[in-house]
Amino acid sequence: MLDKTLNPGAFETRLYEGWERSGAFAADPASNAVPFTIMIPPPNVTGSLHIGHALTMTIQDTLVRWRRMQGRDALWQPGTDHAGIATQMVVERLLAAEGKPDRRAMGRQVFTDRVWQWKAESGGTITQQLRRLGASLDWPRERFTMDEGLSVAVREVFVTLHKQGLIYRDRRLVNWDPKLLTAISDLEVESREMKGSLWYLRYPVEGKPGEFITVATTRPETMLGDTAVAVHPEDARFAALVGKRVIVPLVGRAIPVVADEYSDPEKGTGAVKITPAHDFNDFEVGRRHGVAMPTVLDPEARVSLDEIAADLRAVEGVADPDFVRGLAGQDRFVARKAIVARLEELGLLEKVEPHSNQVPHGDRGGVPIEPRLTWQWYCDAGTLAKPCIEAVETGRMRFVPKQWENTFFAWMRDIQPWCVSRQLWWGHQIPAWYAPDGTIFVERTEDEARAAARAKFGAEVALERDPDVLDTWFSSALWPFSTLGWPERTAEVARYYPGDVLVTGFDIIFFWVARMMMMGQHFMDGQVPFRDIYIHGLVRDEKGQKMSKSKGNVMDPLELIDAYGADALRFTICALTGPGRDVKLGRKRVEDHRSFVTKIWNASRFLEMNGVAPNATWDPASATSPLARWILDAANRAVAEATTALEAYRFDDYASACYRFVWNSYCDWFIEFAKPVLNGPDGAEKDEVKGAAQHVLGTILRLLHPAIPFVTEELWDHFGYGPDYSLIRAPWPEAVAVAEAEAAREELDWVVKLVSEVRTMRAEMNVAPSITTPLLLRDATPESLARAARWIEAIRRLGRVTEIAPLQGDPPKGVAQVVVGETTVMLPLEGVIDFAAERTRLAKARGAAEGEIRKVQAKLGNPDFVARAKEEVVEENRERLVAFQAEIARLDAALARISA
RNA sequence: GGGCGCUUAGCUCAGCGGUAGAGCGCUUCGUUUACACCGAAGAUGCCGGGGGUUCGAAUCCCUCAGCGCCCA
């Protein structure tokens, strides 16, 4: 017998292990079934399960379980990415905490060995936690982006793209993180609003003592590298200065004043200093005007004079080489202060205004990034993006919801060269070797590089490998095929690529989505990596605030699972995941949805107590009773609604269709109607009710399994619908044949309406529950009377009714009346009834009906409506008018009887 | 500044041309043998404002306002 209270913790782990052991999660490349593939967007190996993972993984698991039940050969590919910067930082912090030497002191090999050791010990956290959520991933296929096989794929792709000219080495400005000492991508940079200042600096015009051009800047320290001043070509104020030269204070360099539209006459003074080596916009301006691009900050953002020492020049009252030399090695912010102070002394600081601006910060290191001119490896993203754009335009890939296409297009059409090198130790080391003369050999292995070098030089030369590693996203981009064994031509690659759907948040479109598309199409003969891209929202707290540790509003999914069960969390997520909306999630929401899981448990428990048990031989088509037919028919509709919803990625509709059917049809009415039968004598009627009950319960368990895997499997196993752990592979329900469903619906709808009306009346009349009454039916058709007779036991129980009889002669005194279809139902409540209340109640019902009649009449009275509206709409309104008029007539009669 | 989205019951949200809905909350009642994580009943809406299209607009178009996000 099922426990009186549901305790998910008692079986979740056992069921998960049972499924896993039985191979239920495993894809089967040898099967004849149509595959269904979801590639997990690989979580960061340093990560632990947060509520955002719970959302995305619940959605993926729901899809996978559903398709698996539909008979598809489901592959949900698990794994993690190596998270270059994050992992390296974790291990460096660990070393520091242990008081060990830092990575530079220990050397690259020892350090990376240590990272692998860390990965072995702690890297599996998130994959263990996903099991708690019920995620049915094919674990034996788990991959890691640094695995040997995936590394082969990375080298293959790099070398191939290089040979195709789509990867190249270039010296450009990059986002440099002065704390982590590596280049990072645009997407790893976040703007933060900072309160700073706008300094107005005077640059003396060459050869015109006392004449200045004033430039406004937020970064005075970069003046050391200024090589131009730009003004707008149409700015009359500066027209005379264009072509002249000005002296950079402190350094004494003479630089041109150039006309360039980049300069905004409205901003600052309208003149801007140009430091091409330390600002992206300035870099472009500098390139347009062919000026020098000296770097004045070292990798740690300290002043470096290497590139300007030679041209420092003393200018009386303006430039002071000794001062500048004294800045060497100082941090950029220390240097800023010193420079501003010195300029003020020289009278070259015109003014300082408070100014707030967006300062780019590295999202990992947290310090302002410093644009730097460096040699890096770049991928020609623009070329790779083109076929991806085309694939979305032509519908070969589909965003759900569609609106995200816009975001995607906007970014892809304006995509910049992708800097793929990182100055880290943890990652795929770039397969490029340098000869002493600087010749670069990009090959799959060192041996091949040596061979290439021998071929070129005709002799053995010393080769040095590029120390840098590739961006983590480079290897993640290959995930949809590298995990399947590519570049080997495996059966898996042939079978499971392309995937069916990629599920992720909108914040990831530029990361996984775009990059997997580029690499997938390029290396898989133009085949897209996935057909659908389902974009879900972010999880927020109840107030709609983004969850963050600093706000203290984070929710731990594992803690929620401990408290309410994984099913409750999963069902909540499904119910709240509408299209294109963020999910506001609070404890209370999970608690609310847990009730539904409990409800299923309790209903099952009741059925078990009444001897309902699986009976595979029971044929729904053989059902003869309206009750059985009605619930089977309702189940058919629930199945159709749920299936349609899942096909459309409408997890909210799926959840609510199941909820309504289980709670409002199966529990509220079917089980209640079944009670008198179950309590009655054994026989055909009871057998049929039990047959329908067990059949529909089986349908419900299968229908809900994708969202609520644990409780449904537990019940399935407990009842014995199949062997233990078999629900996960049970077939997805389909509509069953139901004879005369329409008639059954009419009959049950009538009974439901009768009981509801009687209940409403009693509640409004304040009739004590202890009082039971007969029902007298006036003007009832023989059909209604027959129905009343058939359902008398249920009506007695649900409506607190004694008997039902046609009204003979005049109604007794003191009746309460309600209109159900053609019938006026009367409850003799002499002495109990409050006539004033009854009149009010009837008058209110009449008022409501009148209101409807007015609306319908207004429509039908409009000749344009009758002439132009669709025929069925007009007809529907005519019917409504007649129905309301009849109802009013009966209500009037009822009122008249009371008044008499 | 450019783009996207949102604004419907107290709260969270469906509905997206033809009778305004759900869950939660609220009020009242309830030990009828599955369930108080329950049952029954009830109340609550100028569907953000204004204009337009249409026989008909929460739904389509324009506009304004407020909120949120992304990109500059």
Side-chain angles (χ1 to χ4, degrees), chain A residues 1-2 4-6 186 191 281 358 401 403-407 409-411 414 506-507 509-510 537-538 540 542-546 564-565 568 572 575-586 588-610 612 650 652-653 655-657 659-660 663-664 667-668 671-672 674-675 678-679 755-770 772 796-800 848 851-853 855-856 858-870 872-874 876-877 879-881 883-884:
Chain A
M1 196 60 66
L2 290 169
K4 183 158 164 54
T5 51
L6 166 62
D186 296 351
S191 286
N281 291 310
Q358 298 289 328
Q403 79 223 26
W404 291 109
E405 279 183 2
N406 295 328
T407 307
F409 285 140
W411 191 72
D414 186 37
F506 58 77
D507 49 334
I509 291 176
F510 308 139
L538 259 38
R540 299 174 175 279
E542 302 99 313
K543 294 184 217 113
Q545 304 263 18
K546 212 166 165 171
Y564 304 109
T572 306
L576 299 182
T577 300
R581 240 185 210 278
D582 285 345
V583 175
K584 286 186 201 162
L585 195 66
K588 181 71 170 63
R589 313 300 300 274
V590 181
E591 196 177 317
D592 291 345
H593 288 87
R594 173 186 54 167
S595 314
F596 178 61
V597 182
T598 311
K599 186 78 179 176
I600 297 169
W601 181 267
N602 285 321
S604 303
R605 189 166 156 269
F606 171 78
L607 295 174
E608 185 190 26
M609 283 163 35
N610 281 275
V612 171
R650 286 299 302 260
D652 54 343
D653 286 349
S656 74
Y659 185 102
R660 279 195 313 271
W663 204 310
N664 304 125
C667 293
D668 286 350
I671 290 183
E672 293 304 326
K675 280 177 181 173
L678 294 171
N679 286 338
V755 170
S756 299
E757 292 289 357
V758 168
R759 281 170 166 175
T760 303
M761 181 160 42
R762 291 178 56 103
E764 292 194 355
M765 294 292 100
N766 287 319
V767 178
S770 56
T772 56
R796 271 190 183 127
R797 186 185 182 92
L798 302 176
R800 309 202 64 71
E852 292 303 318
I853 282 184
K855 279 197 230 168
V856 177
K859 276 192 176 183
L860 293 170
N862 180 349
D864 280 332
F865 173 74
V866 179
R868 295 175 186 245
K870 278 179 290 197
E872 59 265 34
V873 174
V874 177
E876 195 182 312
N877 278 282
E879 283 166 11
R880 276 164 52 77
L881 181 63
F884 283 123

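Here is the naming used below: chain letters follow the sequence lines, and residue numbers restart at 1 for every chain. All values below come from the heavy atoms of this structure, side chains included, with hydrogens, waters and symmetry mates left out.
Both A/Arg589 and A/Trp404 sit near RNA chain B, but only A/Trp404 has its closest nucleotide nearer the 5' end. Comparing A/Arg650 and A/Asn766, the nucleotide of RNA chain B nearest to each residue sits closer to the 5' end for A/Arg650.
To the nearest whole angstrom, the two C1' atoms, one in B/rG3 and one in B/rU8, are 26 Å apart. Taking atom P on both B/rU53 and B/rA58, the two are 16 Å apart, rounded to the nearest angstrom. Nucleotides B/rA14 and B/rA22 have their C1' atoms positioned 7 Å apart, rounded to a whole Å. Comparing the C1' positions of B/rC16 and B/rU33 gives an interatomic distance of 48 Å, to the nearest angstrom. For the P atoms, the distance linking B/rU31 with B/rA43 amounts to 24 Å, nearest Å. Comparing B/rG23 with B/rC60, their C1' atoms are spaced 30 Å from each other, to the whole Å. Going from the C1' atom of B/rC29 to that of B/rG18 covers 39 Å, rounded to whole Å. Nucleotides B/rG45 and B/rC11 place their C1' atoms 14 Å apart, quoted to the nearest Å.
For the ring-ring contact (aromatic ring centres under 6.0 Å, His included) criterion with A/Trp411, the lone passing option out of A/Phe510, A/Trp404, A/Phe506 is A/Phe510.
The side chain of A/Glu764 lies closest to B/rA41, out of B/rC35, B/rA41, B/rG15. Of the candidate nucleotides B/rC55, B/rC37, B/rA34, B/rC55 has the atom lying nearest to any side-chain atom of A/Ala869. Relative to the side chain of A/Val873, the nucleotides B/rC69, B/rA41, B/rG18 differ in distance, and B/rG18 lies closest. In the set B/rA34, B/rC69, B/rA41, B/rA41 carries the atom at the smallest distance from any side-chain atom of A/Ala763. Comparing atom distances between the A/Arg605 side chain and each of B/rA14, B/rU12, B/rA34 picks out B/rA34 as nearest. Proximity note for A/Arg581 (side chain, C-beta onward) versus B/rG18, B/rC13, B/rC55: the nearest is B/rC13. Comparing B/rC37, B/rA20, B/rC13 against the side chain of A/Lys855 picks out B/rA20 as the nearest. Considering only side-chain atoms of A/Thr760, the nucleotide from B/rC29, B/rA41, B/rA34 that sits closest is B/rA41. The side chain of A/Arg800 approaches B/rU32 more closely than any other nucleotide in the set B/rC37, B/rU32, B/rU12.
A/Arg594 comes within 4.0 angstrom of a base, heavy atoms only. A/Lys599 comes within 4.0 angstrom of a base, heavy atoms only. No engagement by A/Ala410 is indicated, since no non-hydrogen atom pair under 4.0 Å with the nucleic acid exists. Residue contacts shown for A/Ser656 are absent, as no nucleic acid heavy atom lies under 4.0 Å away. Using a 4.0 Å heavy-atom cutoff across all strands shown, A/Tyr659 reaches sugar-phosphate atoms only and no base atom. Base engagement by A/Glu672 is indicated by at least one non-hydrogen atom pair under 4.0 Å involving a base atom. Among the atoms of the strands shown, none is found under 4.0 Å from any heavy atom of A/Arg796. Counting any heavy atom pair closer than 4.0 Å across all strands shown, A/Asn862 reaches sugar-phosphate atoms only and no base atom.
OP1 or OP2 of B/rG2 has not a single side-chain nitrogen or oxygen of A/Trp411 nearer than 4.0 Å. Contact check, A/Lys870 against B/rG18: no side-chain N or O comes under 4.0 Å of OP1 or OP2. Dashed line: the shortest gap from a side-chain N or O of A/Lys584 to OP1 or OP2 of B/rC13 is under 4.0 Å.
Summarising the geometry, the separation between CD1 on A/Ile509 and P on B/rC71 is reported as 11 Å, rounded to the nearest angstrom. Here B/rG23 presents its P atom at 10 Å from CG of A/Asp668, a figure rounded to the nearest Å. Rounded to an integer number of Å, the gap from A/Arg762 CZ to B/rU28 C1' is 15 Å. The interatomic distance linking A/Asp582 (CG) with B/rA14 (P) rounds to 11 Å, in whole Å. One atom, CE of A/Met761, and another, P of B/rG42, lie 12 Å apart when rounded to the nearest Å. Counting to the nearest Å, the C1' atom of B/rA22 and the CG atom of A/Asp592 are 13 Å from each other. Nucleotide B/rA40 holds its P atom 13 Å from the CD1 atom of A/Ile671, rounded to whole Å. Atom pair A/Lys4:NZ and B/rC38:P shows a separation of 13 Å (rounding to whole Å applied).
One distance of note links CG of A/Leu576 with CG of A/Asp652; it measures 9.0 Å at 0.5 Å rounding. In this structure, A/Leu6 CG and A/Lys599 NZ are separated by 13.5 Å, a value rounded to the nearest 0.5 Å. For the atom pair A/Phe884 CZ and A/Asn877 CG, the distance stands at 10.0 Å (nearest 0.5 Å). For the atom pair A/Leu585 CG and A/Thr577 OG1, the distance stands at 9.0 Å (nearest 0.5 Å). Taking OG1 from A/Thr407 and CG from A/Asp507, the interatomic distance works out to 11.5 Å, rounded to the nearest 0.5 Å.
Minimum heavy-atom separation, A/Arg800 to A/Arg762: O-NH1, 3.5 Å. The nearest pair of heavy atoms linking A/Lys4 to A/Arg605 is CA-NE, 3.5 Å. In this structure, A/Pro401 and A/Pro579 approach most closely via the heavy-atom pair CG-C, 4.2 Å.
Side chain A/Ser595 to base B/rC37: no donor-acceptor pair is found below 3.5 Å.
Base pairing annotation: B/rG66 forms a Watson-Crick or G-U wobble pair with B/rC6, both donor-acceptor distances under 3.5 Å. The nucleotide B/rC37 finds no pairing partner, because no Watson-Crick or G-U wobble arrangement with both distances shorter than 3.5 Å includes it.
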